[in-house]
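Let me begin by presenting the structure, written as structure tokens, before commenting on it.
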There are 4 protein chains.
Amino acid sequence: MTLWSKSRNIALTMSSTVVTTAPRPRGRPRSSRAHDAIIDAVLEMLVEGTRVEELSIEAVAARAGVGKATIYRRWPHKHALLIDAVESVKDPLPEPGGVSVRDDLILLAKALGTARDTRAGKLFPCLMPELQRDGGLRDAYLAMVERRRDVTRGVLRRGIADGTLRPDTDVELAVALLSGPVLSSLLGSLPRLDTTDLAERVVDTVLSGIAAER
Amino acid sequence: MTLWSKSRNIALTMSSTVVTTAPRPRGRPRSSRAHDAIIDAVLEMLVEGTRVEELSIEAVAARAGVGKATIYRRWPHKHALLIDAVESVKDPLPEPGGVSVRDDLILLAKALGTARDTRAGKLFPCLMPELQRDGGLRDAYLAMVERRRDVTRGVLRRGIADGTLRPDTDVELAVALLSGPVLSSLLGSLPRLDTTDLAERVVDTVLSGIAAER
Amino acid sequence: MTLWSKSRNIALTMSSTVVTTAPRPRGRPRSSRAHDAIIDAVLEMLVEGTRVEELSIEAVAARAGVGKATIYRRWPHKHALLIDAVESVKDPLPEPGGVSVRDDLILLAKALGTARDTRAGKLFPCLMPELQRDGGLRDAYLAMVERRRDVTRGVLRRGIADGTLRPDTDVELAVALLSGPVLSSLLGSLPRLDTTDLAERVVDTVLSGIAAER
Amino acid sequence: MTLWSKSRNIALTMSSTVVTTAPRPRGRPRSSRAHDAIIDAVLEMLVEGTRVEELSIEAVAARAGVGKATIYRRWPHKHALLIDAVESVKDPLPEPGGVSVRDDLILLAKALGTARDTRAGKLFPCLMPELQRDGGLRDAYLAMVERRRDVTRGVLRRGIADGTLRPDTDVELAVALLSGPVLSSLLGSLPRLDTTDLAERVVDTVLSGIAAER
DNA sequence: TACTAAGCGAGACGGTACGTCGCGTCTTCTT
DNA sequence: AAGAAGACGCGACGTACCGTCTCGCTTAGTA
């Protein structure tokens, strides 16, 4: 998580393990209660269906019981606030059983199918246009997404290792194929697609292809 | 295209072939020059990267050289204006050669890959959050998208008919699989995916699957 | 009265008798109802004892039932608004009888003594610091004050003409002397001064002086 | 000078000669450097023309190199700070020669005429609106003013005693008459008044009156 | 040809949210 | 315990757009 700071020239990134202990900033430290209240207010509102354009800083401040300046002191733009809100979302990852590759992939696809109801799932479409423009926001979002995809990658690699999948399988492409239809159906952009057993059908189709000669 | 009309209570849909000739409204007719200037202004601004939230009616009116009332007289909401703007976009469809199914699918996938540079491609991410909420806008957008997908469906059905593809192929699912990765890579949400020959690889993988035993 | 205008480049002063008829500005004309409501709100608040620093534009707008922009569209600064408010105050002038110079001067001095209760009287101390800095506001205020002083000047000149006053009387100085004590006592800056019959005593003292040998 | 004290409930007035030695408060004593720096900062800013409304505690603290709490620990309101600042101003009093009453009065009137350039003179208009409302500030200001007027009173009483002035002269009224025009001209509220030899003319007119028959 | 109804550009209207600044209070570490 | 530093909740600032409304003018079809 990045710290935006106005007067205090601190821009720590948590990458380095040993942080050169900055000479503790003077003055009253920023309240973590306020920080949390703000983030929570943003997430609540997004989950409740508030549009990003409607999500006014004024409303966030009111709901969080916080002054507007307290928000602007921490985040320079609304984007930055959204980034932190997105990053703070750590929905539990699905855990594949590890026995059957097919079953695990179906489990993951189904988990993706229910992602619409998670906080992250609700955030996604709201943030789309910003993702295109704001690199920081995109990075934050992708970091969250990649943690989920890593699980799928693990299953695929396991399948390659144990001979269930072809040794030359393009893992990244397979990940994309597996998540694509479910994701699209979530976005409502595939209205004609039958969602019954969608997860099973996607997995089976990707596994065996559609070409006639086998 | 739907006509929103304020004073004149006309809500004509162009579906019926024989339109009950409304008793031509009196007074000065609406200027098509103004209409076009407004739509053009919206599209220009979207293509230039203006966010939907920044795309103020005031700015559209100024750029179109039009009074605000002239806009509100035609469209009740900003959504409605966006819908019409989206609908007015008719980027040329790719035309598959009709010889090889694989080549045609690759052609279409490539066309999708370059869609980012079309007006519709640039509109997409801007409209995402609205699409979730506004049924009308979603319908307009999907209509545009489906015209493109119909081409792919045609190719797939031809493949089924001529025996190139399995007879039980789920066309809709295949469409989703074929467009998914390319679409995702356009959105920047698959950063690890190698885009070299992506279209070919997607098509070949979908055609033959990834399972080891064939 | 000066017109401040933002977009419209009109800065008419009512000095010229024949105004070159400006080509009526385009767009909806400014509402005189709003204008009056704003001025009235300011005067009401000042008279009620609101400090200038407390007299927020926001409060004025709320009390006048007007949007803030409607105020800022007309007056660039709070000063300018105050100037117009002051200028709009036309408390009735006292009218001397015209018989006895002494009686008339006493009447005027008494009128000044009661000026504290007039709107202009309540405005005065609020505006003092601005008067020092803002030439326009000072001019507006002085114009109002001078209309009152002109009445006194008239009485004094009449006294000179009919021989009641010395022919070499310095009218301006006399005006200052006559108004000074009453004004100062109004400001509360002469707490030891007995205000009983103050008007009579001021006039008599100015008329006859304080030197022993006559 | 009054001491406002928050935690320490001390409200000492310096009137009593023998101060009951308070049991020296514990902890670090208040820094007189900070006190002086604050008062100096206020006076500097007022003299530089800062409006009272612009004279923010924040700016005073910054200019004085002092924390805001250090100011609020000493003065409960901005008024209180202003009062102390005003009281701290001890511009040197003019000292009349004591020979001619007329010459002494002219000297005092001239001193008043140059008062505009003193710190107290610059403070006056800034404080006007507050004087109307805040009793404590008014008392502080009047105490300063009265010290000056006492000198005039002394001269007038001397004139009465030695027969130069009428025995029934209303001293307070005379003080008001003598200071009125000069004061008014300072405020810029008598623009038509010729300021050449104003002091002499005021004194002579007050001494001899303006009535024709002598 | 004159009338009339509606559209036109322009811009003012009452509002709401913006991002900034100062208020007076508080919380931290240092002196 | 006072000091400086600065964050806190609050609320006004002046700006920008919202969607609506009034202007004077233009552009048709109807009388």
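Just so it is clear: chains get the letters A, B, ... in the order the sequence lines come, proteins before strands, and each one is counted from 1.
For C:Lys68, the salt bridge (Lys or Arg N to Asp or Glu O under 4.0 Å) test picks out C:Glu58, with sequence neighbours left out. Partners of C:Ala69 according to the side chain to side chain contact (heavy atoms under 4.5 Å, CB included) rule, which considers only residues two or more places apart in sequence or in another chain, are C:Arg73. With sequence neighbours excluded, the residues satisfying salt bridge (Lys or Arg N to Asp or Glu O under 4.0 Å) with B:Arg63 are B:Glu44, B:Glu48. Shown here are the side chain to side chain contact (heavy atoms under 4.5 Å, CB included) partners of D:Ala62, two or more places apart in sequence or in another chain: there are none.
At least one side-chain heavy atom of B:His35 sits under 4.5 Å from a side-chain heavy atom of B:Arg74.
Regarding B:Trp75, its CH2 atom lies at a distance of 18 Å from the C1' atom of F:dT20, rounded to whole Å. Nucleotide E:dG11 holds its P atom 11 Å from the CZ atom of C:Arg30, rounded to whole Å. In this structure, D:Ile38 places its CD1 atom 12 Å from C1' of F:dA4, rounding to the nearest Å. Whole-Å rounding puts the B:His77 NE2 to F:dG19 P distance at 9 Å. Atom CZ in B:Arg33 sits roughly 8 Å away from atom P in E:dG9 (whole-Å rounding). Across the protein-nucleic acid pair, B:Ile71 atom CD1 and E:dG7 atom C1' stand 14 Å apart, rounded to whole Å. For A:His35 and F:dG9, the NE2 to P distance is 13 Å, given to the nearest whole Å.
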Taking N or O atoms only and anything under 3.5 Å, show me the protein contacts with nucleotides 14-18 of chain E, one pair per line.
unit_1, atom_1, unit_2, atom_2, d
E:dG14, OP2, C:Gly67, N, 3.4
E:dG14, OP2, C:Thr70, OG1, 2.7
E:dC18, OP1, A:Ile57, N, 2.4
E:dC18, OP2, A:Ile57, N, 3.3
E:dC18, OP2, A:Glu58, N, 2.7

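Applying the 3.5 Å distance criterion, the base of E:dC8 shares no donor-acceptor pair with the side chain of B:Arg28.
The backbone N or O of A:Leu55 sits less than 3.5 Å from a side-chain atom of A:Lys78, completing a donor-acceptor pair.
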